[in-house]
Student: 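Next up is a structure, given as C-alpha cells.
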Amino acid sequence: MTMDDRIALVTGAAGGIGESVVRSLTARGVRVVAVDRDAERLARVAKEAAGDGGRVEAFPGDVTSSSDVEALVDEVERTVGPLDYLVNAAGVLRLGEARTLTDEEWSTTFAVNTTGVFFMSRAVVNRMVGRRRGAVVTVASNAAGTARTEMSAYAASKAAATMFTKCLGLEVAKYGIRANLVAPGSTDTPMLTSMWQDDSSARASIEGVPEAYRVGIPLGKLARPEDVAEAVVFLLSDKAAHITMHDLTVDGGAALG
Ligand code: NAD
C-alpha cells in the first residue's frame, strides 16, 4: 500500500484512535498534520512519532470554531503542502439519559462530533476540489445505528456526522474525491476506559462475558486502536479507489450486522 509523500490531516490526533491513525499513516510514508485541542498531548504524540522516523507536524486547534479551522487549513496548505487526506477523529462522549442531559452536554457533543466534522471537511474538501483528488474518512461510531442507553446525544451526533459524510461523498464524487466512514465499537482508548468505575472488572466482563456488556461483542474483546486505524488507512488508500460513501463497521460484530 504505497502512500509515500502524501499529506494527511488527522483531527483528534492526541487521542487513542487518532494517535494510532497517525502512526499507521507515518509507517506508510505519509506526512501527517496532527490536530487536537490538547496541545500538550499532541506535542508528545508528534515527538514520539518523529522519534520513530515519522514526519509529523503538530497543529493545536479546536474543530468547533469555523474561523480557526479555516485559518488552520490555510496555514497547513501554505506551510506543509496540499492535503491529500483528511481524517475526522476528534470526538467527545457525554453520557446521560436524555431526560437529564444538560444543554451544555448536548451542544458540546454536536459541536465536536457533528459540526466539527462539517467545518473541517468543508475547509479541506474545498481545497481538494481544484486538484480533483482526495479522500476523507470520518470516524463515527456503531452507536450511530444502534440505540444505547445514556448515549442519545452521542449516538445522534454520530448519526448526523455519518449522513453528512455520505452526502458529502455524493456531492464530491464528480471531482474524484471519496468520503467514507469507519464506525468503531468499544475501543480500548481513554474515551472508553474513562467511563469505567473499575477498570479491571469492566475489562474482565467485556473480555470474558461479552454478552454482559451492552449488546456484547461477539469476537469477545475490545477493538485495539490499531484495528480502527488500519480500516481508516485502507479507506484513504488507493486500494479503496472505487469505494465511497461507505460506512465500515469495526466492532467485533457488536452491532450484529
Ligand atoms: P479520545 O478521547 O482518546 O480522543 C479524542 C480526541 O479528540 C482527544 O485527543 C481530544 O482532545 C480531541 N478533541 C475533543 N474535542 C476536540 C475539539 N473540539 N477540537 C479538537 N480536538 C478535540 O477518544 P478515541 O476513542 O480516540 O476517539 C476517537 C474517535 O473515535 C471519536 O470520534 C470517538 O467518538 C470515536 N469512537 C470511539 C470509540 C471508543 O470506544 N473509544 C467507539 C466509537 C467511536
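Numbering of ligands and ligand atoms starts at 1, following listing order. All values derive from a computational prediction rather than experimental measurement.
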Student: Would you call Leu25 and Val233 a side-chain contact if the rule is heavy atoms closer than 4.5 Å?
Tutor: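 With C-beta onward as the side chain, the pair touches.
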
Student: Indicate yes or no for a side-chain donor-acceptor contact from Asn180 to the backbone of Ile243 under 3.5 Å, with no hydrogens or angles considered.
Tutor: yes

Student: Under 3.5 Å, is there a donor-acceptor pair linking the side chains of Arg94 and Thr102?
Tutor: no

Student: Can you find a pair of side-chain heavy atoms, one from Glu19 and one from Arg41, that are under 4.5 Å apart?
Tutor: no

Student: Can an N or O of Asn142 be found at a distance shorter than 3.5 Å from an N or O of ligand 1?
Tutor: no

Student: Under 3.5 Å between any N/O of Ser141 and any N/O of ligand 1: does that happen in this structure?
Tutor: no

Student: How far is atom 34 (O) of ligand 1 from its nearest protein heavy atom, and which residue and atom name does that atom have?
Tutor: Tyr154 OH, 2.6 Å

Student: Looking only at heavy atoms, what is the nearest atom pair of Ser121 and Leu86, with distance?
Tutor: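 Minimum heavy-atom separation between Ser121 and Leu86: CA-CD2, 3.6 Å.
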
Student: Among all protein non-hydrogen atoms, which one is nearest to atom 26 (O) of ligand 1, and what is the separation to 0.1 Å?
Tutor: Ile17 N, 2.8 Å

Student: Is it true that the side chains of Glu97 and Thr100 contain a donor and an acceptor less than 3.5 Å apart?
Tutor: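 Result is no, nothing qualifies.
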
Student: May I ask whether Glu19 places a heavy atom under 4.0 Å from ligand 1?
Tutor: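 For ligand 1, residue contact (heavy atoms, under 4.0 Å) with Glu19 is absent.
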
Student: Do side-chain atoms of Arg55 reach the backbone of Gly29 as a donor and acceptor pair under 3.5 angstrom?
Tutor: yes

Student: May I have the step-by-step check of side chain to side chain donor-acceptor pair (under 3.5 Å) for Ser24 and Glu226, ending in yes or no?
Tutor: CA-CA 8 Å; Ser24 296; Glu226 308 88 273; over 6 Å; no

Student: For Pro190, counting its heavy atoms only, list the atoms of ligand 1 lying under 4.0 Å from any of them.
Tutor: 3 (O)

Student: Considering non-hydrogen atoms of the protein only, which is the closest contact for atom 15 (N) of ligand 1, and what is the distance?
Tutor: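 Protein heavy atom at minimum distance: Arg37 CZ, 3.2 Å.
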
Student: Measure across Ala89 and Val139 and return the closest heavy-atom pair with its distance rounded to 0.1 Å.
Tutor: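 Shortest heavy-atom contact: CB-CG2, 4.0 Å.
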
Student: Output the distance between atom CZ (Arg37) and atom CG (Leu42), rounded to the nearest 0.5 Å.
Tutor: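 That separation rounds to 12.5 Å.
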
Student: Return the closest protein heavy atom for atom 32 (O) of ligand 1 as residue, atom name and distance.
Tutor: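 For this ligand atom, the closest protein heavy atom is Lys158 NZ, 2.8 Å.
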
Student: For ligand 1, find out whether one of its N or O atoms is nearer than 3.5 Å to an N or O atom of Asp62.
Tutor: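 In this structure, Asp62 places an N or O atom under 3.5 Å from an N or O of ligand 1.
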
Student: Which residue owns the protein heavy atom closest to atom 5 (C) of ligand 1, what's the atom, and how far is it?
Tutor: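 Closest protein heavy atom to atom 5 (C) of ligand 1: Gly91 O, 3.7 Å.
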
Student: Any idea which protein heavy atom is nearest atom 40 (O) of ligand 1, and the distance to it?
Tutor: Thr187 N, 2.8 Å

Student: How about Asp62 and Thr64: does a side-chain donor come under 3.5 Å of a side-chain acceptor?
Tutor: yes

Student: Using a 4.0 Å cutoff against the non-hydrogen atoms of Thr64, which atoms of ligand 1 qualify?
Tutor: 18 (N)

Student: Which heavy atom of Val10 sits nearest to which heavy atom of Val32, and what is that distance?
Tutor: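 Smallest interatomic distance, heavy atoms only, reads CG2-CG1, 3.9 Å.
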
Student: Counting each atom of ligand 1 from 1 as listed, which ones have a heavy atom of Ser186 under 4.0 Å away?
Tutor: 40 (O)

Student: Would you mind running through ligand 1 and noting each atom that sits below 4.0 Å from a heavy atom of Val139?
Tutor: 29 (C), 30 (O), 32 (O), 35 (C)

Student: Assess Ala140 for proximity to ligand 1: is some non-hydrogen atom of it under 4.0 Å away?
Tutor: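 Yes, Ala140 has heavy atoms under 4.0 Å from ligand 1.
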
Student: Heavy atom under 4.0 Å from ligand 1: found in Pro184's side chain, backbone, both, or neither?
Tutor: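 Under 4.0 Å from ligand 1, Pro184 contributes backbone and side-chain atoms.
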
Student: For ligand 1, which atoms, with element, lie under 4.0 Å from some heavy atom of Gly61?
Tutor: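 So the answer, numbered in order with elements, is 19 (N), 20 (C).
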
Student: Return the residue, atom name and 0.1 Å-rounded distance of the protein heavy atom closest to atom 9 (O) of ligand 1.
Tutor: Asp36 OD2, 2.7 Å

Student: Could you tell me the residue and atom name of the protein heavy atom closest to atom 42 (C) of ligand 1, and the distance to it rounded to 0.1 Å?
Tutor: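 Looking only at protein heavy atoms, the one closest to atom 42 (C) of ligand 1 is Gly185 O, 3.1 Å.
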
Student: Is the closest N or O pair between Ala89 and ligand 1 shorter than 3.5 Å?
Tutor: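 Among all N and O atoms of Ala89, at least one is under 3.5 Å from an N or O of ligand 1.
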
Student: Under 3.5 Å between any N/O of Gly16 and any N/O of ligand 1: does that happen in this structure?
Tutor: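 There is such a contact, yes.
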
Student: Does any N or O of ligand 1 fall below 3.5 Å from an N or O anywhere on Val63, backbone included?
Tutor: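 N/O-N/O distance below 3.5 Å exists for this pair.
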
Student: Does ligand 1 come near enough to Gly15 that some N or O of the ligand is less than 3.5 Å from an N or O of the residue?
Tutor: yes

Student: Going through the checks in order, is the side-chain contact (heavy atoms from CB on, under 4.5 Å) test met by Thr114 and Phe164?
Tutor: CA-CA 8 Å; Thr114 311; Phe164 166 76; 5.8 Å; no

Student: With a 4.0 Å cut-off, would you call Glu48 and Arg44 a salt bridge?
Tutor: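 Salt bridge present between Glu48 and Arg44.
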
Student: Just let me know how Thr189 lines up against ligand 1, side chain, backbone, both or neither, with a heavy-atom cut-off below 4.0 Å.
Tutor: side chain

Student: Touching ligand 1 at all, Ala13? Heavy atoms, strictly under 4.0 Å?
Tutor: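 Not so, Ala13 does not reach ligand 1.
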
Student: For Thr79 and Phe59, what are the C-alpha separation, side-chain angles and deciding distance, and is it a side-chain contact (heavy atoms from CB on, under 4.5 Å)?
Tutor: CA-CA 11 Å; Thr79 60; Phe59 278 75; 4.0 Å; yes

